[in-house]
Amino acid sequence: AATAYAGSSIRGASDMIHFFFTLKTGTDTVHHRSLNSSDVLGTDQTVFTLTADGGINFAQVGNATSYTVSGTKKIAFVFEDYITTGYDLYVATGNDVQNPTWATTKVSAGSNDLAGGTGGTNASIAGTGGTLWAVYVRNSDTAIMVSHSENDGSWRTNTVLHASVFADN
């Protein structure tokens, strides 16, 4: 039996609601499902299958946002891929339609680059115009990192937004 973990949702075009969540079935998967304004559910889509590394596989879905590229309304959300060596941050993007085609991109700079935790994702995403901004806490030094993508292009080099936010006591 699968265990579902709540993620996030966002209202898209024409009052469509997009839901993002994780199913834990041995090989965890990140999913999308939508509900249109006529209360018709879209197909349950697998957006991403987590890394199978022989350890604990788990994903945390973060927030979602909408943005526009060349007049096309799009949606995006962040999620963590937890593997035995740590966390990686991904962004999934798709058109704002009932059953989008998804593209996923690893945003964190390297393996175990994201400071994760089972209490919730340490990442967030925002969209403005054709630009997506991802913010996350880096694992090695707890610095707040930011990266962005313009018009669905490649993600730019991660930049330190703020130095270490935690101090050892």
Side-chain angles (χ1 to χ4, degrees), residues 2-12 16-25 27-35 42 44-51 56-69 73-96 100-150 152 154-162 165-166:
T3 302
Y5 293 92
S8 65
S9 60
I10 189 170
R11 189 178 90 184
M16 186 171 320
I17 306 298
H18 297 274
F19 303 97
F20 310 99
F21 56 95
T22 303
L23 286 181
K24 187 166 184 58
T25 60
T27 301
D28 291 1
T29 48
V30 176
H31 289 254
H32 164 265
R33 196 155 192 194
S34 59
L35 179 68
D44 181 352
Q45 296 179 291
T46 298
V47 176
F48 188 81
T49 300
L50 300 182
T51 304
I56 299 170
N57 299 314
F58 185 73
Q60 302 242 54
V61 174
N63 73 307
T65 190
S66 62
Y67 64 110
T68 303
V69 175
K73 187 158 179 156
K74 303 184 81 100
I75 51 176
F77 68 99
V78 291
F79 63 93
E80 299 173 1
D81 181 2
Y82 173 72
I83 55 179
T84 55
T85 57
Y87 296 82
D88 292 324
L89 174 65
Y90 286 83
V91 172
T93 57
N95 287 347
D96 187 1
T101 299
W102 293 98
T104 57
T105 304
K106 182 178 169 184
V107 175
S108 54
S111 183
N112 194 24
D113 195 48
L114 178 68
T118 57
T121 184
N122 283 318
S124 184
I125 192 164
T128 177
T131 303
L132 282 176
W133 295 92
V135 177
Y136 68 97
V137 178
R138 185 166 57 191
N139 186 47
S140 61
D141 60 2
T142 66
I144 299 175
M145 304 298 292
V146 63
S147 184
H148 72 283
S149 170
E150 296 176 2
D152 284 345
S154 60
W155 283 82
R156 306 301 191 261
T157 302
N158 297 324
T159 303
V160 175
L161 185 64
H162 191 279
V165 293
F166 300 108

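Since the structure is predicted, the reported quantities are computational estimates derived from the model, not experimental observations. Both backbone and side-chain heavy atoms feed into the values below; hydrogens, waters and symmetry mates do not.
Side chains of D152 and Y67: a donor on one and an acceptor on the other come within 3.5 Å.
The nearest pair of heavy atoms linking V91 to A76 is CG1-CB, 4.4 Å. Contact detail for T104 and A92: the closest heavy-atom pair is CG2-CB, 3.9 Å.
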Using side-chain contact (heavy atoms from CB on, under 4.5 Å), reason through H18 and S9 one step at a time and then give a plain yes or no. CA-CA 5 Å; H18 297 274; S9 60; over 6 Å; no
Is there a side-chain contact (heavy atoms from CB on, under 4.5 Å) between I125 and N63? Walk through the geometry before answering. CA-CA 7 Å; I125 192 164; N63 73 307; 3.7 Å; yes
Audit row: T29, T22, side-chain contact (heavy atoms from CB on, under 4.5 Å) steps and yes/no: CA-CA 6 Å; T29 48; T22 303; over 6 Å; no
Where do F77 and V47 land on the side-chain contact (heavy atoms from CB on, under 4.5 Å) test, with the steps shown first? CA-CA 11 Å; F77 68 99; V47 176; 4.1 Å; yes
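In the displayed structure, R156 atom CZ is contacted under 6.0 Å by more than 12 heavy atoms of other residues, nucleotides or ligands.
Taking the ring centroids of H148 and W155, they lie at or beyond the 6.0 Å cut-off.
A donor-acceptor distance shorter than 3.5 angstrom exists from the side chain of R33 to the backbone of G42, with no hydrogens or angles considered. Here the side chain of S8 pairs a donor or acceptor atom with the backbone of G62 at under 3.5 angstrom. A side-chain donor-acceptor contact under 3.5 Å links Q45 to the backbone of P100. A distance-only check finds a donor-acceptor pair linking the side chain of N158 to the backbone of V107 [under 3.5 Å].
Taking 4.5 Å as the limit, every side-chain heavy atom of I75 sits out of range of all side-chain heavy atoms of T65.
Partner H32 forms a ring-ring contact (aromatic ring centres under 6.0 Å, His included) with one of F79, F21, W102 and no other, that one being W102.
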